[in-house]
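Report on the structure given below.
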Amino acid sequence: MSRPSANFLAGLNPQQAQAVACTEGPVLVLAGAGSGKTRVITRRIAHILGKGLAQPKEVLAVTFTNKAASEMRERVAELIGRERAEGVVLSTFHSFCLRVLRTHADQIGYRRNFTIAGESDARLLLRRVTDELRTHDASYSPALFQSAISLRKNNCQGPEEVEAGPVRDATEEKYAASLAEVYERYQSALRAANSLDFDDLLVQTLRLWREHARLLAGARRQFKYVMVDEYQDTNRVQYELLRLLTGERRNLCVVGDDDQSIYGWRGADIKNILDFERDFPEATIITLDQNYRSTETILRAANSVIANNSARREKKLWSELGKGRAIDWILTADEEAEAAEAVKWIQHVREKSGAPYQDFALLYRSNIQSKPLEIAFRRAGIPYVVYGGQDFFERAEVKDIISYLKVLANPADEAAFLRVVNMPRRGIGDATLHQVHDLCREEHLPLGKALLELLKRGLAPPAAEKGIREFLGVVAEFRKRFKERQGTLQRIATDLVLAIDYRGELDRACKNAAQAINRWQNVELVLNALGEYEKTAKTPGLMEFLDESHLNSDQDRKSKAERRESAVTLMTIHSAKGLEFPFVFLMGIEDGLLPHETSLSEGTLEEERRLFYVALTRARRHLTFFEAISRVKHGKERMTKTSRFVQEIPEELLTQHARAARPMVEERVAPPQPKPKPKRRAPRKRG
DNA sequence: AGACCCAGGTTTTTT
DNA sequence: ACCTGGGTCT
């Protein structure tokens with residue numbers, strides 16, 4: 001019934017067309033930066049459906065972020081219409097797994113009303129675990145255990161396999177001895193709380209499929225075609241999930257760029273993309289190297305930098321967009337001067353080109369670098385948006401409200417329980433909570449029941465008795481209201497907030513009125529979000545709302561409202577991946593920052609180079625480098641050195657502007673330079 | 001339970 | 001330099 005599939009090949013270059021048309025068997029698309037990757041995936045979905053090879057719900061496309069997923073769905077909708085596009089299973093790995101688990105969690109020992117433990121929830125549980133173990137000195141931080149455990153999970157390692165495993169670095173060595181036990185106990189705490197952390201969503205789905213052949217078979221039957229975006233970012237669990245899911249049919253199409261793999265530090269395994277044809281010997285491999293984004297100058301610089309990496313697949317980006325302007329490289333005295341020069345440079349470029357503010361992005365390695373920039377922009381009256389920073393749903397007041405809702409949805413949720421049991425203050429302190437935990441363990445009671453039992457037995461401290469009754473009363477009342485749907489979700493949640501007098505608590509806890517007002521506004525935002533969700537969701541439910549609040553970062557929703565305003569973008573290079581801007585400023589081109597100093601000791605220089613490469617390839621028209629001669633680091637002012645990566649760019653592509661000079665260094669042969677005005681390279685050490 | 005003080009550690013971040 | 005977390009004192 002659909003129009004002929006040739007439709008969807010129109011306007012593609014030969015490689016893109018091949019990638020779209022090649023629907024059967026494993027396919028690896030090596031898509032260089034700006035080579036039309038999203039275009040290929042969306043066209044390929046349309047092509048498969050157009051040819052009648054599968055129904056929409058039989059096509060699975062996985063991305064890493066919600067933003068990528070919704071963008072992709074938009075574009076598929078443009079091709080095949082909204083209705084059919086809705087049917088395509090297009091989501092992040094995590095949302096996909098969540099969907100599987102919501103249906104089958106009971107098969108692996110969780111109840112279906114399980115809640116997701118966010119990062120801070122998980123840390124709360126970990127803190128309790130380390131407190132209980134008490135075998136180590138106080139310098140053990142839950143956060144470090146958390147990242148170590150996360151890495152293990154992403155690597156498909158259970159607690160039993162930890163002890164044998166290799167130790168990554170000195171910090172980990174200190175933790176290695178207790179890691180296995182902490183991991184084990186953390187996992188059982190999660191289980192008892194009927195909660196899964198982010199990594200569990202993947203790990204437990206893998207387990208589910210491995211242990212229940214029937215369920216796996218069902219999934220395999222459903223998904224005739226599987227596509228994966230940003231394949232270079234997949235970790236071991238994700239790889240195993242894909243292998244399992246694609247089974248004998250092996251209709252797996254992965255799209256990615258090994259040169260843009262910048263998430264190795266959180267478990268992404270670049271080998272997945274480098275060794276694809278070892279795992280799938282019959283694979284078709286297609287390289288997209290025509291770039292539709294950048295000038296030739298930018299691409300030449302990027303190509304020559306990345307050529308210094310050894311673990312990569314050879315490719316050379318080219319474009320037909322003309323040579324463009326050389327890279328400007330501005331040398332300044334320190335970070336304040338750097339920021340001031342960036343401001344000047346924006347004004348200068350705007351005068352010459354008339355470009356609006358949103359055409360500019362300032363990229364940096366570390367979030368701390370944003371501070372002087374923000375100050376300078378504010379002073380100059382230039383509108384800007386800083387990306388990154390704390391997620392809305394991680395803010396204390398927001399977590400409080402969400403945790404109340406989690407306790408209502410999942411009575412076992414320990415992290416949420418601990419967060420709200422004494423919020424607002426009810427006189428329930430650590431001593432009481434320890435008793436509660438003991439009771440839980442001895443009698444295998446859920447937390448709420450244990451509290452009640454404590455009262456019954458008269459074990460509760462007198463000061464806490466009233467508070468416990470209050471808390472249990474509120475929980476019971478509102479759990480009932482949610483269960484019986486007495487009113488809209490928003491109405492019930494609003495009443496809950498009123499019932500606990502959270503507003504009053506904020507006034508009491510905040511130092512100044514402004515802060516209290518700000519926080520209260522955030523609470524209102526949560527309540528509004530709940531109302532909004534209720535209006536738009538297909539099947540609105542409390543649990544579903546909670547799922548969304550954990551899996552969708554607010555960056556996703558924020559971007560829509562903020563895209564309207566014209567502002568300069570400030571973000572880390574990491575968050576810039578996948579984006580493009582006409583004018584890109586690269587801040588702090590210094591050794592120690594980029595490459596980051598820790599990368600030198602950890603031997604991850606090649607990943608830093610890829611990061612630099614990602615930064616370069618974000619630019620459409622023009623790149624500007626900024627470098628400060630001295631920079632405050634760890635509180636100390638320190639002299640810097642030009643980033644070694646700059647030396648890998650051919651000189652003729654760079655124009656240096658020295659707005660400051662490096663102090664003379666008495667080296668063996670100090671070249672007589674009365675007024676050091678270097679035309680090209682930074683004067684210090686080469687190579 | 002809450003205020004205060006000291007020590008340690010400082011990349012990148014999505015879900 | 002600055003923030004966080006934990007320990008101690010009231």
Side-chain angles (χ1 to χ4, degrees), chain A residues 62-69 91-98 116-119 121-123 127 130-131 137-144 146-147 150 153-154 171 196-203 230 233-235 237-238 261-268 363-369 371 387-391 393-394 422 425-433 461 463-464 467 508-509 511 547-556 571-578 588 592-602 604 607-608 610-612 614-615 631-638:
Chain A
V62 204
T63 62
F64 276 81
T65 65
N66 292 298
K67 197 166 153 228
S91 70
T92 62
F93 270 105
H94 290 81
S95 311
F96 174 72
C97 289
L98 175 66
I116 297 169
E119 215 141 303
D121 304 311
R123 217 170 306 132
R127 191 178 310 286
T130 51
D131 278 356
D137 63 274
S139 67
Y140 282 75
S141 97
L144 279 168
Q146 186 171 31
S147 63
S150 175
K153 286 187 175 180
N154 285 323
T171 328
L196 287 92
D197 66 16
F198 288 133
D199 304 317
D200 276 344
L201 292 174
L202 310 180
V203 173
E230 306 277 14
D233 288 336
T234 48
N235 56 35
V237 200
Q238 288 158 339
S261 160
I262 53 175
Y263 286 108
W265 52 273
R266 63 179 203 213
L363 308 183
Y364 36 79
R365 174 67 233 257
S366 300
N367 278 314
I368 36 163
Q369 289 176 260
K371 245 182 224 147
Y387 284 77
Q390 212 187 17
D391 194 85
F393 283 99
E394 283 292 317
N422 199 32
R425 308 266 156 223
R426 303 187 174 95
I428 304 172
D430 285 348
T432 315
L433 290 175
R508 255 167 281 137
K511 290 251 155 48
D547 284 348
E548 276 199 15
S549 79
H550 283 90
L551 291 184
N552 294 341
S553 79
D554 60 320
Q555 298 290 340
D556 305 336
M571 56 168 57
T572 62
I573 303 170
H574 281 92
S575 16
K577 196 175 74 159
L593 259 184
L594 184 61
H596 197 274
E597 54 189 349
T598 53
S599 72
L600 304 177
S601 55
E602 282 171 12
T604 50
E607 181 152 316
E608 295 290 306
R610 292 193 290 266
L611 199 51
F612 189 66
V614 167
R631 185 179 293 274
V632 176
K633 221 180 209 175
H634 307 317
K636 279 251 179 338
E637 182 162 321
R638 292 194 44 181

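Letters A, B, ... are given to chains in the order of the sequence lines, protein chains preceding strands, and every chain is numbered from 1. What's counted below: heavy atoms across the whole structure, side chains too, no hydrogens, waters or symmetry copies.
Residues A/Arg426 and A/Ile573 each lie close to DNA chain B; by heavy-atom proximity, the contact nearer the 5' end of the strand is made by A/Arg426.
Distance alone, capped at 3.5 Å, places no donor-acceptor pair between the A/Ser366 side chain and the A/Ile368 backbone. A donor-acceptor pair under 3.5 Å is formed between the side chain of A/Asn66 and the backbone N or O of A/Leu551. Not a single donor-acceptor pair under 3.5 Å links the side chain of A/Thr604 to the backbone N or O of A/Glu607. When atom types are taken as modelled, the side chain of A/His596 and the backbone of A/Thr598 share a donor-acceptor pair closer than 3.5 angstrom.
B/dT14 atom C1' lies 12 Å from atom CD of A/Glu394, rounded to whole Å. Atoms CG (A/Leu594) and C1' (B/dT12) sit 11 Å apart, rounded to a whole Å. Taking atom CD of residue A/Gln146 and atom C1' of nucleotide B/dT14, one finds them 13 Å apart after rounding to whole Å. When the P atom of B/dT10 is taken as reference, atom NZ of A/Lys633 falls 15 Å away, rounded to whole Å. Between the CD1 atom of A/Ile262 and the C1' atom of B/dT12 there is a distance of 8 Å, rounded to whole Å. Rounded to whole Å, atom C1' of C/dA1 lies 15 Å from atom CZ of A/Arg638. We find that NZ of A/Lys577 is positioned 21 Å from P of B/dT11, with the value rounded to whole Å. Taking atom OH of A/Tyr364 as the reference point, atom C1' of B/dT13 lies 13 Å away to the nearest angstrom.
For B/dT11, the base is stacked against the aromatic ring of A/His596, per a cut-off of 5.5 Å between centres and 30° between planes. The aromatic ring of A/Phe93 does not sit over the base of B/dT15; the criterion of centres under 5.5 Å apart with planes under 30° is not met.
Regarding contacts with the backbone of B/dT15, a side-chain N or O of A/Asn66 is found under 4.0 angstrom from either OP1 or OP2. OP1 or OP2 of B/dT11 has not a single side-chain nitrogen or oxygen of A/Asn367 nearer than 4.0 Å. For B/dT13, the OP1/OP2 oxygens have a side-chain nitrogen or oxygen of A/Ser575 closer than 4.0 Å. Put simply, A/Asn422 has a side-chain N or O that comes within less than 4.0 Å of OP1 or OP2 on B/dA1.
The A/Arg425 side chain lies nearest to B/dG2 when the options are B/dT12, B/dG2, B/dT15. Comparing B/dT13, B/dT15, B/dT11 by their nearest atom to the side chain of A/Glu119 picks out B/dT15. Out of C/dG5, B/dT14, B/dT12, the shortest distance to the side chain of A/Arg127 is found at C/dG5. For A/Arg266, whose side chain is taken as the heavy atoms from C-beta onward, the closest listed nucleotide among B/dT15, B/dA1, B/dT14 is B/dT14. Side-chain proximity of A/Thr572 to B/dT15, B/dG2, B/dT13: nearest is B/dT13.
Heavy atoms of A/Gly118 sit nowhere under 4.0 angstrom from any nucleic acid atom.
The shortest heavy-atom contact between A/Ile116 and A/Asp547 is CD1-OD1, 3.7 Å.
Using the six-membered ring where Trp is involved, A/His574 and A/Tyr263 have ring planes that are tilted, between 30° and 60° apart.
Judged by distance alone, with hydrogens and angles left aside, A/Ser366 brings no side-chain donor or acceptor close enough to the base of B/dT12 to form a pair under 3.5 Å.
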